[in-house]
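What follows is a short report on a single structure.
Lettering of chains follows the sequences in order, A, B, ..., and the numbering in each one begins at 1.
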Amino acid sequence: MFAVVQFPGSNDDRDMRFALKSALAVEAALVWHKDPELPPDTEAVLLPGGFSYGDYLRCGAMAHYSPIVAAVKRFAERGGPVLGTCNGFQILCESGLLPGVLIRNHHLRFVCELLHVRVEASRAPFTSRARTGEVLRIPIKHGEGAYTADAETLDALERNGQIALRYCEPDGAVTDRANPNGSLRNIAGITNEAGNVLGLMPHPEHAVEPSIGGVDGLAILGSLVDAVARK
Amino acid sequence: MSGEEPVVNLEVALANGLTEEEYERVLELLGRVPTFPEVGIFGVMWSEHCSYKSSRVYLKELPTDGEQVLEGPGENAGAVALGDGLAAVFKIESHNHPSFIEPVQGAATGVGGILRDIFTMGARPVASMDSIRLGPLDDPVHQRLLRGVVEGIGGYGNPVGVPTVGGETQFHECYRGNILVNAFNLGVVESDRIFRASAAGVGNPVIYVGSKTGRDGIHGASLLASSEFDDESDAKRPTVQVGDPFTEKCLIEACLELMRTDAIVGIQDMGAAGLTCSSFEMADRGDTGIEMDLDRVPQRARGMTPYEMLLSESQERMLIVARAGREQEVEAIFARWDLDAVVVGRVTGDGRMRIRWHGKTVVDIPVAPVSGSSPVLERPVAEPADLRERQKLDLASVAPEEDLGAALEALLDSPNLGSKRWVYRQYDQLVQGNTVLGPGGDAALVRVKREDGTPTSKALAMAVDCNPRWCWLDPYLGTVAAVAEATRNVACTGARPMALTNCLNFGNPEKPEIMWEFAQATRGLSDASRALATPVVSGNVSFYNETSGRAIYPTPVIAAVGLLEPWERFAVSHFPESGLAVVLLGETREELGGSHWLAERRGLEAGLPPAVDLDRERRLQGLLAVGVERGLLRSAHDVSDGGIAVALAECSFAEGEPGLGVRVELDETMRPDALLFGETPSRVVATTSDPDGLLAAAAEAGVPARTVGETGGDRLIIASGPGRSWIDVEVSRLQAIWERAIPRRLETS
């Protein structure tokens with residue numbers, strides 16, 4: 001079973017559930033932030049976008065202390081797949097499941113737009129449905145999405161193949177112009193070293209219907225569904 | 001204001017916003033001198049903002065009925081039936097004065113307030129729009145206000161999880177001293193689950209939920225919203241409330257969860273005048289009374305007086321009347337969301353509002369006379385002395401445009417006609433996953449889901465419009481045009497317009513000229529909404545939009561909502577591909593009165609605005625629906641600000657991508673500047689792959705139509721005949737100018 005964690009202030013929780021169900025025929029349960037454990041049959045965890053606990057401190061900083069995030073950490077350490085989008089990515093960084101941090105966009109404004117990201121490697125469980133180098137059109141919407149880490153960490157991410165997605169031009173070129181928020185090395189999404197935890201700022205759940213944002217988000221959510229099905 | 005409460009006399013009454021006459025009435029009603037909290041209550045309840053005392057005689061003339069209408073004006077918001085047991089609930093409301101004094105919080109709490117009006121009815125808010133009007137963008141003050149208002153709208157709307165899908169942003173000298181921020185929200189609910197704000201059932205508990213009460217926003221309604229601005233207005237900053245979108249988000253979820261039970265009988269948002277207004281309105285609607293104990297009200301400040309508690313406009317609070325014995329169910333749901341839910345009183349049968357504090361009764365007044373029979377004024381009206389002067393325009397004496405291409409570029413570079421992407425890019429347009437068409441087109445289109453997440457075949461189209469210059473030149477014609485344009489924009493998606501909501505922004509109603517404008521505008525609203533079968537189901541009046549005696553132009557903002565089913569078939573507003581026939585629907589008259597061209601290129605705001613032929617408008621809108629239904633329309637874009645030339649350019653642009661060119665030939669015999677930039681209403685630029693089919697459908701509908709060109713290439717070419725081009729320019733050049741119109745002005749500061 002897929003588990004979508006619901007924090008107070010989560011906004012895309014219902015959308016994530018809808019995307020999985022409508023486009024991929026996968027049922028997902030909403031799991032409450034005060035729950036100490038994930039449901040026993042959990043096969044994948046999704047941390048949705050939003051403003052958990054209002055995000056009045058640092059984004060994701062409060063969520064890190066919620067009971068459910070401790071359970072999610074245990075799940076991830078056992079190798080279970082965990083996907084965090086937007087606020088979910090921020091929470092994964094804050095809780096130490098992913099390296100680095102997301103800071104305010106360099107222009108200091110919230111930004112919502114459909115843009116392009118390049119898949120850096122086709123790999124289970126998150127990008128197997130895409131080709132390496134494939135360009136996906138997926139929206140972003142955030143005020144604090146500038147991925148930042150020290151040079152050593154960034155080099156390690158590159159070396160280990162942990163960079164999953166980069167902001168790019170429609171033709172796949174990685175340029176400053178294509179970078180919407182000042183993320184270092186145009187990073188839009190990274191995995192942990194083991195590859196079972198992905199955090200990304202773009203919202204695949206908002207790109208699952210042809211007339212509502214396109215269907216490129218399925219390359220990511222569909223990969224996760226495939227990976228769980230193969231188990 | 002803490003400590004000893006003053007003894008009430010006329011002076012205190014005046015300071016609370018009452019007139020001498022109204023104070024006399026209070027004395028008569030009570031048969032005694034009111035207490036300090038009581039005079040505060042009368043002050044807010046009888047304020048212009050809460051009582052609509054100047055506007056009520058006009059508002060009651062508006063058409064509010066129709067078979068689609070489930071709830072007209074009077075409740076928190078209007079509701080229309082969508083079929084299959086679903087309803088749309090919507091309203092637009094002003095937050096003008098707070099936004100001018102403190103743009104970020106003023107705009108934010110405007111969004112918060114309108115959201116509460118919607119979910120109070122049991123509806124999940126699914127779409128927001130915002131109508132913003134500021135002074136000229138070269139003024140650093142208004143650059144700051146624009147940044148602040150947009151930050152406030154996004155800063156509240158984004159965390160609360162409701163997409164902002166449309167709106168308008170305009171700049172004009174008349175708003176230099178008084179900006180306008182009108183917030184629209186629409187929610188979806190099952191028709192048989194619409195909640196009303198009534199305190200029914202003697203003995204039922206009155207429950208306070210949400211944020212704690214503080215000292216913020218006291219006198220927001222009575223003093224801030226119901227008087228003009230002057231040099232001292234900055235001192236009113238403490239009357240602006242502070243918003244907390246996180247609490248609002250939790251409040252939405254908790255209230256919707258609660259409403260799925262049958263534990264409650266009524267619910268009301270604490271908006272203007274907070275606890276006072278909400279309890280009086282609920283008791284009035286329920287034909288009951290309420291007794292309340294202020295010591296139980298959750299408080300965030302120490303030592304608050306009854307006066308402060310009753311008049312506080314702290315945000316994110318609601319009042320609920322539950323069924324007796326079901327209190328714990330209510331408390332449990334709110335506890336899950338970490339929100340306060342406290343029983344503060346009971347419904348009584350004696351029709352009185354009785355409020356206790358520290359064991360003594362501090363308020364004891366009859367409900368009905370305070371809320372039901374507040375004063376109704378028939379204020380004097382007089383046509384403005386210079387109206388005829390404004391309307392004078394001898395077109396022959398206006399120098400013709402020398403360079404039509406340069407004129408088009410100048411118009412696209414004006415902040416009013418330039419791209420608004422800088423604004424809406426800061427809003428989450430996508431959350432909830434239903435945005436078929438977002439901001440930037442004629443209307444937004446939002447697919448409807450049921451509360452359990454099941455998608456339906458329905459979508460709602462919505463648009464908000466007003467041309468204040470036209471309303472200043474002729475408030476009747478201008479308001480008719482605003483209704484026509486808002487509904488036309490909705491129709492351009494293929495949807496059928498269903499109903500309207502409106503926010504009537506005007507100056508000081510105590511001036512006969514302002515009341516005349518208001519009377520003309522409401523007459524226009526009535527005539528247009530009747531002719532187009534789009535009743536007015538909710539609305540808001542904002543008077544006193546003036547500073548130091550200078551009023552804004554009359555600005556009756558109209559929002560229209562329409563239904564499209566099945567939603568998968570819709571028209572976009574830009575050119576979708578090359579090789580399509582471009583068809584112009586409607587007729588162009590030689591008129592430039594009140595046009596953007598005249599204002600921008602000749603510095604003139606004069607003439608009569610174009611008159612809308614409402615029968616013709618209705619037929620055009622019907623054709624658009626039929627055209628989309630039959631697959632005859634690929635795109636449809638309303639011709640409005642800047643005329644055909646600007647409309648064609650907008651159709652050519654594509655957000656974040658290279659645009660698509662077009663070549664059209666226009667052969668009407670009239671001055672070319674009027675042909676290209678005139679703003680005759682009831683016109684649409686359409687594209688089709690079946691021009692014969694579309695022209696036949698147009699003939700059937702009685703709409704003038706002809707094929708004028710074809711999409712393709714990378715240039716915008718407007719010609720009068722073969723080899724005779726008026727305008728011939730690269731689309732990319734125009735698009736760059738248009739996209740930079742707002743950002744380039746903000747970068748210089």
What are the two closest non-hydrogen atoms of [X] and [Y], and how far apart are they?
X: B/Y427; Y: A/F110; answer: C-CE2, 4.0 Å
X: B/L430; Y: A/K141; answer: CB-CD, 4.5 Å
X: B/P245; Y: A/Y56; answer: CD-OH, 3.2 Å

Kindly compute the distance separating CG (B/D428) from NE2 (A/H142), expressed to the nearest 0.5 Å.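 These two atoms lie 11.5 Å from each other.
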Check whether any side-chain heavy atom of [X] lies under 4.5 Å from a side-chain heavy atom of [Y], and answer yes or no.
X: B/W567; Y: A/I212; result: yes
X: A/R109; Y: B/R147; result: no
X: B/D338; Y: A/P8; result: no
X: B/R447; Y: A/E209; result: yes
X: A/C112; Y: B/R425; result: no

Answer with side chain, backbone, both or neither: which region of A/S10 has an atom nearer than 4.5 Å to a non-hydrogen atom of chain B?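 The backbone, not the side chain.
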Select one option (side chain, backbone, both, neither) describing which atoms of A/K21 are under 4.5 Å from chain B's heavy atoms.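 For A/K21, no heavy atom lies under 4.5 Å from chain B.
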Within the side chain of B/K249, is there an N or O that forms a donor-acceptor pair under 3.5 Å with the backbone of A/G54?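 No.
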For the backbone of B/N158 and the side chain of A/N11, can you confirm whether one donor and one acceptor N or O come within less than 3.5 Å of each other?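 Indeed, once roles are kept as given, a pair shorter than 3.5 Å links the two residues.
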Chain A interface, residue from B/L437, B/T435, B/T454, B/L445 that has the most non-hydrogen pairs under 4.5 Å: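 Ranked by contacts with chain A, first place is B/T435.
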Mind ranking B/G155, B/P455, B/P159, B/G433 by heavy-atom pairs under 4.5 Å with chain A and telling me who comes out on top?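 Winner by heavy-atom pair count: B/P159.
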Is it true that A/R14 and B/E253 make a salt bridge, defined as a side-chain N closer than 4.0 Å to a carboxylate O?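 Answer for the salt bridge query: no.
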Heavy-atom count around [X] [atom1] within 6.0 Å, excluding the residue itself: above 12?
X: A/R58; atom1: CZ; value: no
X: A/D176; atom1: CG; value: no
X: B/R300; atom1: CZ; value: yes

Given heavy-atom pairs under 4.5 angstrom as the criterion, report whether the side chain, backbone, both or neither of B/V150 touches chain A.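 Neither part.
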Does the side-chain contact (heavy atoms from CB on, under 4.5 Å) test come out yes or no for B/R336 and A/W32, once each step is laid out? CA-CA 10 Å; B/R336 196 172 111 85; A/W32 189 235; 3.6 Å; yes
Could you tell me how the ring of A/Y53 sits relative to the ring of B/F246: parallel (under 30°), tilted (30 to 60°) or perpendicular (over 60°)?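 Tilted.
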Among A/S52, A/S211, A/G49, A/P210, single out the residue with the greatest number of heavy-atom pairs under 4.5 Å to chain B.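 Most pairs with chain B among the choices: A/S211.
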